[in-house]
Amino acid sequence: MGFDIDFALSTLPTILSAIGMTLLVAAVSCVGAAAIGFGFEITRRSGGVMGYAVRFLIDFIRATPVLVWLYCLYFILPFYGIRLSALAVGIIGLSLYFSGYLSEVFKAGIDAIPRGQAEAARALGLGRLDMTVFVIAPQMLRNIAAPMGNYFVSILKATPYLAVLAVPEMLGRAFDIASETYRYAEPLTVAGLIFLGLALIISQAIKRLEGRLLRPMRR
Amino acid sequence: MPQTAKTPAVHAVQIGALNKWYGTFHVLRDVSLTVPNGSRIVVCGPSGSGKSTLIRCLNGLEAYQQGTVTLGATRLGENARETTLARRQTGMVFQNFNLFPHLTVLSNCTLALRRVLGMARHEAESLARHHLEKVRIPEQANKYPAQLSGGQQQRVAIARALCMNPRLMLFDEPTSALDPEMIKEVLDVMTGLANEGMTMICVTHEMGFAREVADQVVFMDQGSIVEQASPSTFFTTPGHPRARSFLNTLLH
Amino acid sequence: MPQTAKTPAVHAVQIGALNKWYGTFHVLRDVSLTVPNGSRIVVCGPSGSGKSTLIRCLNGLEAYQQGTVTLGATRLGENARETTLARRQTGMVFQNFNLFPHLTVLSNCTLALRRVLGMARHEAESLARHHLEKVRIPEQANKYPAQLSGGQQQRVAIARALCMNPRLMLFDEPTSALDPEMIKEVLDVMTGLANEGMTMICVTHEMGFAREVADQVVFMDQGSIVEQASPSTFFTTPGHPRARSFLNTLLH
Amino acid sequence: MSMLDIWLGILQGFRVTALVTLYGLIFAIPFGLVFGVAQYLTTGPARLVVTAIIEFWRSSAVIILLFVFYYALPVVGLMFSAMTVSAMVLGLNIGGYASQAVRAGLQSLDRGQKEAGQALGLSRPTILLLIELPQALVTMSPTFINQIIQLVKATSLVSLVTLTDMTFRAKEISQIEYDPVPIYLSLLLAYFVVCYPIALLGRLVESRVGPAREISGGL
Amino acid sequence: ETTKERVLREGKIVIGIHNRAPWGSRDEATGQATGWHPDLLRAAFAELGVKDLDIRVTEFGALIPGLLAGRFDAVASGLAITPERCLQVAFGAPDLKVPDAAIVLAGNPKQVHGFADIVGNSEIVMGAGRGSVSVKNATAAGVPEDRMLLFPDIESNVSALRAGRVDVAVLSSPTVIGLLSGEKAKGLERATPFVTTDEQANYAAVAFRTGDEDLRALYDERLAALKTDGTVAAIMARYGFGTPEAVPDSVTAQKLCDGSAATSGAGK
Ligand SMILES: Nc1ncnc2c1ncn2[C@@H]1O[C@H](COP(=O)(O)OP(=O)(O)OP(=O)(O)O)[C@@H](O)[C@H]1O
Ligand SMILES: Nc1ncnc2c1ncn2[C@@H]1O[C@H](COP(=O)(O)OP(=O)(O)OP(=O)(O)O)[C@@H](O)[C@H]1O
Ligand SMILES: [Mg+2]
Ligand SMILES: [Mg+2]
């Protein structure tokens, strides 16, 4: 199986035609996963029955593969009258799945904030909401930028799973070409390189963001 | 400034038979203390004797199980709204400064003014600058805490607390994380405050400061106040043997 | 104990025109200092003046760009083997203790004995217990560092260093992370060491200790030694204005 | 087929899932340790090389690596068994993540630990082995346990190289019984039964040694 | 030693399948290979003493790479002869004609009887296998892309049909026959008729490695014999295949490879 560069280049337009879908799914899922994960973590912190329920849910999510989740949401929910579009299932599935992981990131990020910060805020008379928004959240963001970036890359790398839902994303396009031409090396390499490039861009962006966020906190 | 409308109390703080447990561990045992308006109390005692716990009870950072804490005319915990108002009039300065590292010095000072008191930005900033001047670092207003020395950070923390116009200031070992030179600059600011008549309760082992500034020295051991006296009495003729041995180690 | 076979040097440490830069920042400027065997040097000076850097250069924790450091008869860096041997004869005690948290007190003390000197377990342990007794905590041998108070931890750190039978002890602000009561217990141990004739260089701001124990007080500022005198001279008539103002702030 | 039959059928793939996981660990653990330590100790060009090797295993798409190692390498004369390829690719992928945990654990240790060792005259290898690694491994152990879960879940890809794991069993069963609800729910349950105890173990260890540093580890 | 010599010596041939009834799958009960192509191969080689069919189960997309990598000696899993694939592998003689067929919910609620019906009713969503010839045929017939959902495997197609995500799944006729045999597809039925043209059909065959032409020749020889003695017809009957699936004599592997007969993809 030799590698034909011309052929590889010729696959580029087809594969790139799906980059919009891949990015859309990844971006929305990142936001969704972060939002749900933060909600999970806040709920867990408040303790009580809900706290335990959320804790179990997070462990459940961690203990099961994302693919199976997508199958369940896509093929099983309709039997119970819930019919979501493939795109919606993909985004909800990835968001839910990664929210479990991100909530752990948020947990670590919040735990790393010295207790004195919350105490200082309370001593100044700040309410719970103000404290969360103006004192805890900004510092948490600084603590978690790097691990959160890693998960954003993971979410990107998980978009090919949406092929099982017939969502036309990049790796699926590459496999389309492969199964039509029976040449695997070229389309897969092209898709792999695009994914790698996107992943590098994301992690660089996160690094910069982290640098900017951290600047005031360093000497 | 919001203010309780009741008759101005003579005592800034009254602590009555305060008891607190951590699980089964009895941290505060029947602590009673009266702090008249304008007085300066220094609290000292061995590590673990409950000094921090006591002053944290005064502004609601710790809950307690028995006893009463009265700030001005407000009994803490009786009425939620009044409790909040009373607490707001208590400023607290911590050993580790606890400045918000992601905010500039100025924003550290204005945050509560704007979010709690709802002041306009302009007004809040000019008030903050006024207090920064008072602690002698107006020029640092736009820096971040990490860019300041420890002494400067602690002075910002004091300014931040002062911005809320407190009637009582609590200090928990404000100089024990500082280098010797910086200790002096912070103590100077505190002495200035005391001279202006601020009521303050200060946990510290700076005995020079206690001697110079305090009206009363309170010595705690194992959760109880075992001695309370004027500095001159306390330093020359401590009554309790525990206080005596403590003073000994302190002055080696 | 391995020992350099050369003629025993009169001076434990000789520092000659030491210069060190961090990037473009000149941390140590032409520092020269002679420490005779058995003498006790206290180094003080404002924060950032290079005290830690200086004593870290003495046991090879920091590299330097110019100048010489001679420990006993060995010039550091000339011969790798001799440098290692000379370093082994230097004990160091840190501000934050730096005990190994995953090892018991006893193992903290025996680790280097066994791995560096190749002692048998039994022998190492009995030596370690001997030194733990000397710092007055033989009963803590089987605890982990986290189970001890700060003062106890620092005493373990001293015992750990003593186990290697050093000819020179370096202390970098050994009491500045401690509560007042614990400061005394650590200083007592150090005074005991000094009385036994141990050569020591100690960065500290405990002026009581300096007065009582030191032969010489060295005052550093901005990377240079600006004053070096006996404690009685230093405390009564400091020559350099910077030293004077420093002493002032220290004794407020 | 009853739900129980389906479930038992899926569990027939458990042996492969477990074997790939165990053999995978044989690759992952040494790789994570050696390369994590190497990245921590090296500087300059050597570090670049170490980092490149880690990144290759960590960032490449596992599915493409499986494909290449099983189907492309024999063409150039390298023939590994399916089990070897699976264990190696999945193991080294997880090992790449684990190496980052090891490095982070070593880096987050107080510098004073190393200095205290040096001041006592201990050699660099002794310091690493007896002082730094034991502490780093303890703080990193929750992360390692989470990585094992990731490894178990990643075994769902090995059907690509002709191994019959739990996911593939589910697909086989759906050849007989085209009824997605019980099959996918059973599969979800099967992974849950395998991974949840590991997740609980992770929680237990975490509560002993403090929170895990989150390093995203694939799916 | 050539592959042929080794196969004959060991009495064992390693085949790759992608576990798809009726093409080639592992029997749940016995663990043996079963299905159209394994049965053909077994019959073809049995008299030569090759009794052992050693199966490797993998994904469809890995069948040809696995063959090329020497992971198996033949692909016996319903691979269709296409000019592109002929560049990679050596196909045996075509053994089954593969027209498109469709499955729908019982009663065929949307009355689908050909691509024209799908094109004509904008409410119908069609499912098919990603990269399969059915997709090409549907596209050629004018089914718009936004009403076609492409799934990676048959299960997904069936699950989507049951879940109401598609109204019809267009698959190869043998697949549909295999799918509907027995109890496993309750509530589903084949859309009859489902009109297709001859150009849309393609032809399945066993694939060998290029370079193993001697093995292929041996197989072709045996297959011809099996056709003559009626064994092929018997196996076809076993799987419910009939005249629509019979290969006309005029169609040969050579012609299909040259692109002079129909095009692309059978199991897919
Ligand atoms: N959250 C807690 N849970 C359990 N015990 C606690 C808690 N906080 C403090 N303690 C214990 O209560 C006792 C009093 O603590 P406190 O911090 O008030 O002492 P302190 O006098 O301020 O000592 P220091 O001089 O070391 O600051 C100590 O023995 C401490 O271990
Ligand atoms: N690794 C480093 N890189 C750059 N600058 C450093 C480094 N370590 C120390 N410095 C700088 O060198 C100067 C001297 O540091 P050193 O720690 O020796 O001071 P010190 O006298 O011990 O102060 P302190 O009393 O605060 O411990 C300081 O200005 C410090 O910021
Ligand atoms: Mg305290
Ligand atoms: Mg220092």
Side-chain angles (χ1 to χ4, degrees), chain A residues 34 38 41-42 45-48 51 102 105-149 205-219, chain B residues 1-2 52 55-56 58-62 83-105 107-118 142-149 153 156-157 159-166 168-172 177:
Chain A
F38 193 67
E41 180 49 23
I42 296 296
R45 266 173 197 273
S46 58
L102 281 173
V105 172
F106 290 129
K107 175 170 187 282
I110 294 176
D111 286 346
I113 300 172
R115 226 170 62 124
Q117 291 292 313
E119 291 182 346
R122 276 170 63 196
L124 283 172
L126 288 175
R128 235 186 122 77
L129 184 66
D130 279 336
M131 180 171 90
T132 307
V133 173
F134 293 101
V135 178
I136 301 301
Q139 295 189 56
M140 180 195 73
L141 264 186
R142 286 162 171 77
N143 292 337
I144 64 170
M148 197 162 73
I206 293 280
K207 241 180 217 157
R208 287 204 174 179
L209 177 71
E210 193 189 12
R212 280 179 60 149
L213 287 172
L214 284 178
R215 200 174 305 145
M217 298 172 64
R218 297 203 182 107
R219 256 182 199 265
Chain B
M1 281 280 336
S52 299
I55 69 164
R56 289 158 58 83
L58 299 190
N59 74 340
L61 284 180
E62 299 280 357
T83 302
T84 311
L85 287 180
R87 258 189 213 158
R88 244 182 237 170
Q89 292 167 35
T90 307
M92 175 122 184
V93 175
F94 302 85
Q95 175 174 4
N96 301 316
F97 330 141
N98 289 340
L99 293 180
F100 304 131
H102 60 297
L103 300 179
T104 60
V105 163
S107 304
N108 261 280
C109 294
T110 55
L111 180 65
L113 289 177
R114 302 193 56 199
R115 306 299 313 177
V116 178
L117 305 184
N142 294 314
K143 288 201 182 158
Y144 285 92
Q147 297 169 306
L148 305 183
S149 75
Q153 291 192 47
V156 172
R160 179 174 74 174
L162 290 178
C163 279
M164 298 297 285
N165 193 18
L168 166 69
M169 284 287 284
L170 305 173
F171 294 86
D172 192 1

**Asked** Which bit of Leu99(B) comes within less than 4.5 Å of chain A, counting heavy atoms only: side chain, backbone, both or neither?
**Response** backbone
**Which atoms of Ala118(A) approach chain B - backbone, side chain, both or neither, heavy atom under 4.5 Å** = neither
**Request:** Rounded to the nearest 0.5 Å, what's the gap from CD on Gln117(A) to NE2 on His102(B)? Could you check?
**Result:** 7.5 Å
**Message:** Out of Thr84(B), Leu111(B), Leu113(B), Asn96(B), return the one with the most heavy atom pairs under 4.5 angstrom to chain A.
**Reply:** Leu111(B)
**Item:** Arg160(B) portion near chain A, given a 4.5 angstrom heavy-atom threshold
**Value:** both
**Asked** Any chance CZ of Arg45(A) has more than 12 other-residue heavy atoms, nucleotides or ligands included, within less than 6.0 Å?
**Response** yes
**Request:** Heavy-atom distances under 4.5 Å only: say whether Ser107(B) touches chain A with side chain, backbone, both or neither.
**Result:** neither
**Fill in**
What one should report as the nearest heavy-atom pair of Gly125(A) and Arg88(B) is CA-CG, 4.5 Å
**Request:** Measure distances from Phe100(B) to the heavy atoms of chain A and classify the residue's part below 4.5 Å as side chain, backbone, both or neither.
**Result:** both
**Item:** Heavy-atom pair count under 4.5 Å with chain A, highest-scoring of Asn59(B), Leu61(B), Val116(B)
**Value:** Leu61(B)
**Request:** With rounding to the nearest 0.5 Å, note down the distance linking CE in Met131(A) to CZ in Arg115(B).
**Result:** 14.0 Å
**Message:** Let's test your reading of the structure: which of Ala121(A), Ala120(A), Gly127(A) forms the most heavy-atom pairs below 4.5 Å with chain B?
**Reply:** Ala120(A)
